[in-house]
Amino acid sequence: MTTPDPTLDPALRSWVSSANDAGTDFPIQNLPYGVFSGPDGEGRIGVAIGDQVLDVRRAIENTVLQDLPPETACSLCGTTLNGFMGQGTRSWRAARRSIFAMLSEGADPHPNLLLPQSEVAMRLPATIGDYTDFYASRDHASNVGRMFRPDAEPLLPNYLHLPVGYHGRASTVVVSGTDIRRPHGQLKPDDADPIYAPIRLFDYEMEFGAFVGPGNVQGNPIDMTSAMNHLFGVVILNDWSARDAQKWEYQPLGPFNAKNFATSISPWIVTMDALSPFRKAGPPRLPEDPSMLDYLSPVTDDVLDITCEVYLSSATMREQGLDPLHLSRGTLGELTWTFSQMLAHHTSTGCAMRPGDLLGSGTVSGPEKVNRGSLLELSWRGTEPIDLPDGTQRKFLQDGDEVTMAAFCEADGATRIGLGQCSAVILPAV
Ligand code: CA
């Protein structure tokens with residue numbers, strides 16, 4: 001029997017009072033990592049606690065973090081999280097225990113090491129060397145199949161045998177709060193020749209992203225028994241998509257420019273240790289589904305039960321002070337493939353992963369209309385427009401629209417934790 005992790009004890013509180021507020025995303029049981037702009041303009045590693053950010057480097061310089069291995073302390077003084085991600089579970093747990101002890105109620109308070117989250121500018125948490133986006137929601141894949149191939153089986157023959165994915169662009173992953181400009185693309189109107197013009201069918205995709213921790217040597221796959229130890233933590237991810245460009249370009253090699261102009265992620269990486277109370281068995285498979293090959297199993301409790309809500313507000317709604325409209329709710333735990341299976345499959349050829357590589361889950365949709373994780377599905381290719389409180393309708397995104405995603409985890413016997421938000425406003429094409 002394993003000893004309960006004291007950093008997950010729901011009875012414990014912090015001397016940072018906002019961390020004890022009901023409903024906060026960042027109680028002391030969470031302690032997610034991010035990178036903010038420090039006073040010298042360089043990236044600086046922080047930990048979210050309540051509505052504050054702990055300046056980790058200053059905490060180390062002030063010797064208030066106890067029992068940190070030297071290499072752990074060194075990596076936490078870096079300008080990105082890549083070094084820390086690469087060190088693995090022993091280092092991660094030492095840092096978590098140390099930061100937890102420092103922020104606990106009863107410890108000496110150090111308010112001088114905190115900055116209000118509202119006053120810091122967040123940056124990308126890591127230098128992302130490679131980004132791969134998967135397609136792990138059976139409901140999403142089935143919806144898309146029904147829309148685009150109505151006369152065929154919704155799922156393609158490979159779908160239940162392997163986690164389908166494509167290589168995305170790491171260079172255009174941006175942090176929440178970064179405006180997204182409507183891109184140009186090559187489009188093919190149904191009754192005319194191709195044109196190069198601002199995209200018209202601008203969409204979001206609600207997803208989760210997992211950051212890779214320690215990598216692997218090229219030629220050495222990461223197997224299922226160790227895959228979770230190679231995953232550092234999870235963010236909310238919005239895979240912005242140009243549906244008109246996608247429709248014209250995707251055959252035969254899959255997504256290309258329709259997906260490469262921007263991907264937004266939330267700034268705080270919630271670690272696998274913080275997520276451990278929200279792991280469960282799965283993923284769900286139906287009795288008639290084919291059995292999985294050995295290299296994609298065993299999946300014990302690798303499923304992460306995280307819920308994400310999507311909201312939309314138009315520029316007019318914000319001017320009129322109207323609340324954002326709730327669009328959908330999706331759960332990572334309902335996907336057909338887990339992040340550990342995605343990593344095992346990705347590396348099954350011996351493909352090398354590096355610390356800070358990013359894996360996207362694919363659009364998170366579910367069985368009901370409220371579970372559809374993109375406008376393509378919510379408006380069913382534009383045939384079911386969505387009414388906004390400002391009197392307008394949406395089939396796809398308009399300039400000035402703001403898309404906000406907010407995610408959280410809840411379970412019996414555990415403190416609720418959140419992933420914060422991933423938000424961005426659409427700017428007009430230039
Ligand atoms: Ca996607």
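We count residues from 1, following the sequence as given. Both ligands and their constituent atoms are indexed starting at 1 by order of listing.
Rounded to the nearest 0.5 Å, atoms CH2 (Trp248) and CD1 (Ile195) are 11.5 Å apart.
The distance between the ring centers of Phe256 and Tyr250 does not fall below 6.0 angstrom.
A donor-acceptor contact closer than 3.5 angstrom is absent between the side chains of Thr363 and Ser365.
Excluding water, every protein N/O/S atom under 3.0 Å from the Ca ion (ligand 1) is given here by residue and atom: Asp133 OD2, Glu205 OE1, Glu207 OE2, Asp239 OD2.
Figure legend: cation-pi geometry between Arg169 and Phe261 absent, as NZ or CZ is not positioned both under 6.0 Å from the six-membered ring centre and within 45° of its axis. At least one test fails for Arg181 against the ring of Trp240: distance under 6.0 Å to the centre or angle within 45° of the axis.
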Under 3.5 Å, which donor-acceptor pairs do the side chains of residues 321-331 form with other protein atoms, sequence neighbours left out?
from   : atom 1 : to     : atom 2 : distance (Å)
His326 : NE2    : Glu309 : OE1    : 2.4
His326 : NE2    : Ser328 : O      : 3.2
Ser328 : OG     : Arg372 : O      : 3.4
Arg329 : NE     : Glu309 : OE1    : 3.4
Arg329 : NE     : Glu309 : OE2    : 2.7
Arg329 : NH2    : Glu309 : OE2    : 2.4

